[in-house]
Amino acid sequence: MCLLKNACSVESMRHMEETFNEEECINTLRILAGHKFLDEMPHCDTLNYYMEKFAR
């Protein structure tokens, strides 16, 4: 998510959470996470935790 944040010139993880909390972004996260019932952009700490586990 950090790469996405930087590529889109978003200055903080919290701002990323606000900026990407749109239906298209949430749909993409649903696909990537395999979580079809995702309602909103997860908290930035949750995203970081997920990405740490995913990278291992």
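Legend: salt bridge (Lys or Arg N to Asp or Glu O under 4.0 Å) pairs involving residues 32-43, not counting sequence neighbours: none detected.
Partners of His15 under the side-chain contact (heavy atoms from CB on, under 4.5 Å) rule, at least two apart in sequence or in another chain, are Val10, Ser12, Glu18, Thr19. Not counting sequence neighbours, the partners of Glu23 by the salt bridge (charged side-chain N to carboxylate O under 4.0 Å, His left out) test are Arg30.
When all heavy atoms of Leu38 and Ile26 are compared, the pair lying nearest together is O-CG2, 3.7 Å.
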